[in-house]
Amino acid sequence: MKLNDAIFGLALLALGVAVLFGVQGFPKIPGQPVGPALFPGLIAAGLCIAGVLLVVQGLRRQAGQPWLAWDNWVRSPRHGAALAVLLGSVLFYIAAADLLGFLPTAALILLLLFGVLRVPVPRAVLLAAVVSLAIHFAFYKLLRVPLPWGVLAPYAW
């Protein structure tokens, strides 16, 4: 699928403007020339500039071209199923993570994704377990992000 650059430019511009409005409510630090809004504001300004440039480029480069062109993969049942599994896995994580916990939920999601990508089953099981544990370690131990334990709460480390 090919989208005109102007569409992405408008999205970046909207995001930049939203962030610029959002950082206006950040508190000021007395006696400091900069506050917590400085860096998000600079990034938002960069997003706005990039968005405007993309809009201009998209309107110039693709004059007379369709704004949306579908590739062949969109009509493929296998690729459609992969997209459905991907979107469904996000909804499944939202619904099941607190009940099941991060590790079982992530492993199930990875197994489904590997299945739709036609990864051999033994390799998919091994990868799902190892990758789930690695992600859990990175977020829970290194970044100190509290992940839900769910059914594994008695074994939490």
Side-chain angles (χ1 to χ4, degrees), residues 1-23 25-26 36-51 53-55 57-58 62 65-157:
M1 179 170 67
K2 172 74 173 126
L3 289 174
N4 189 313
D5 287 343
I7 295 172
F8 288 112
L10 289 172
L12 283 179
L13 185 61
L15 177 64
V17 168
V19 171
L20 282 174
F21 279 117
V23 298
F26 285 11
L38 176 68
F39 289 114
L42 289 174
I43 292 170
L47 286 173
C48 289
I49 292 168
L53 291 174
L54 276 173
V55 167
Q57 178 181 339
Q62 294 185 332
Q65 299 285 338
W67 282 58
L68 173 67
W70 297 101
D71 288 335
N72 289 334
W73 72 266
V74 176
R75 293 174 197 83
S76 164
R78 178 173 161 251
H79 291 94
L83 178 63
V85 168
L86 177 66
L87 297 175
S89 67
V90 173
L91 297 175
F92 176 70
Y93 183 84
I94 292 169
D98 286 333
L99 179 66
L100 293 177
F102 174 81
L103 286 170
T105 305
L108 284 171
I109 288 171
L110 285 172
L111 278 173
L112 283 172
L113 289 171
F114 288 146
V116 80
L117 294 172
R118 298 181 179 164
V119 175
V121 175
R123 186 180 302 162
V125 170
L126 178 66
L127 280 172
V130 170
V131 170
S132 297
L133 286 169
I135 292 171
H136 186 272
F137 176 77
F139 279 88
Y140 193 75
K141 291 290 186 183
L142 299 177
L143 298 174
R144 305 238 184 251
V145 174
L147 296 174
W149 282 99
V151 297
L152 297 177
Y155 307 105
W157 57 78

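- Note that CG of Leu10 is 9.0 Å distant from CG of Asn4, once rounded to the nearest 0.5 Å.
- Taking all atoms of both residues into account, the shortest heavy-atom contact from Ala45 to Leu20 is N-CD2, 4.4 Å.
- The minimum heavy-atom distance linking Pro104 with Gly101 is given by the pair CD-O, 3.6 Å.
- Taking all atoms of both residues into account, the shortest heavy-atom contact from Pro40 to Val23 is CB-CG1, 3.6 Å.
- Here the OG1-CG distance, from Thr105 to Leu99, works out to 8.0 Å after rounding to the nearest 0.5 Å.
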(request) Give the C-alpha distance, both sets of side-chain angles, the deciding distance and a yes or no for side chain to side chain contact (heavy atoms under 4.5 Å, CB included) between Leu112 and Phe92. (result) CA-CA 11 Å; Leu112 283 172; Phe92 176 70; 6.0 Å; no

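- For the atom pair Ile109 CD1 and Tyr93 OH, the distance stands at 8.0 Å (nearest 0.5 Å).
- Remark: Ile43 CD1 to Leu38 CG distance equals 9.5 Å, nearest 0.5 Å.
- When all heavy atoms of Arg78 and Val116 are compared, the pair lying nearest together is NE-O, 4.0 Å.
- Taking each heavy atom of Arg75 and Asp71 in turn, the nearest pair found is NH1-O, 3.4 Å.
- Residues satisfying the ring-ring contact (aromatic ring centres under 6.0 Å, His included) criterion with Phe114, sequence neighbours excluded, are absent altogether.
- With rounding to the nearest 0.5 angstrom, the CG atom of Leu103 is 4.5 Å from the NE2 atom of His136.
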(request) Start with the C-alpha distance between Leu100 and Leu108, add both sets of side-chain angles, then the distance that settles side chain to side chain contact (heavy atoms under 4.5 Å, CB included), and finish with yes or no. (result) CA-CA 10 Å; Leu100 293 177; Leu108 284 171; 4.3 Å; yes

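- Taking CD1 from Ile7 and CG from Leu12, the interatomic distance works out to 12.5 Å, rounded to the nearest 0.5 Å.
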(request) Kindly determine whether Trp157 and Lys141 satisfy side chain to side chain contact (heavy atoms under 4.5 Å, CB included), including the steps that lead there. (result) CA-CA 10 Å; Trp157 57 78; Lys141 291 290 186 183; 3.2 Å; yes

(request) Evaluate the side chain to side chain contact (heavy atoms under 4.5 Å, CB included) criterion for residues Leu110 and Leu127: first the C-alpha distance (whole Å), next the side-chain angles of each, then the deciding distance (0.1 Å), finally the verdict. (result) CA-CA 8 Å; Leu110 285 172; Leu127 280 172; over 6 Å; no

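- Between Trp149 and Tyr140, the ring-plane angle classifies as perpendicular under the 30° and 60° cut-offs.
- Considering every non-hydrogen atom in both Ala44 and Gly16, the closest pair reads CB-O, 3.5 Å.
- Using a distance-only test at 3.5 Å, with no hydrogens or angles considered, a donor-acceptor pair links the side chain of Ser89 to the main chain of Leu86.
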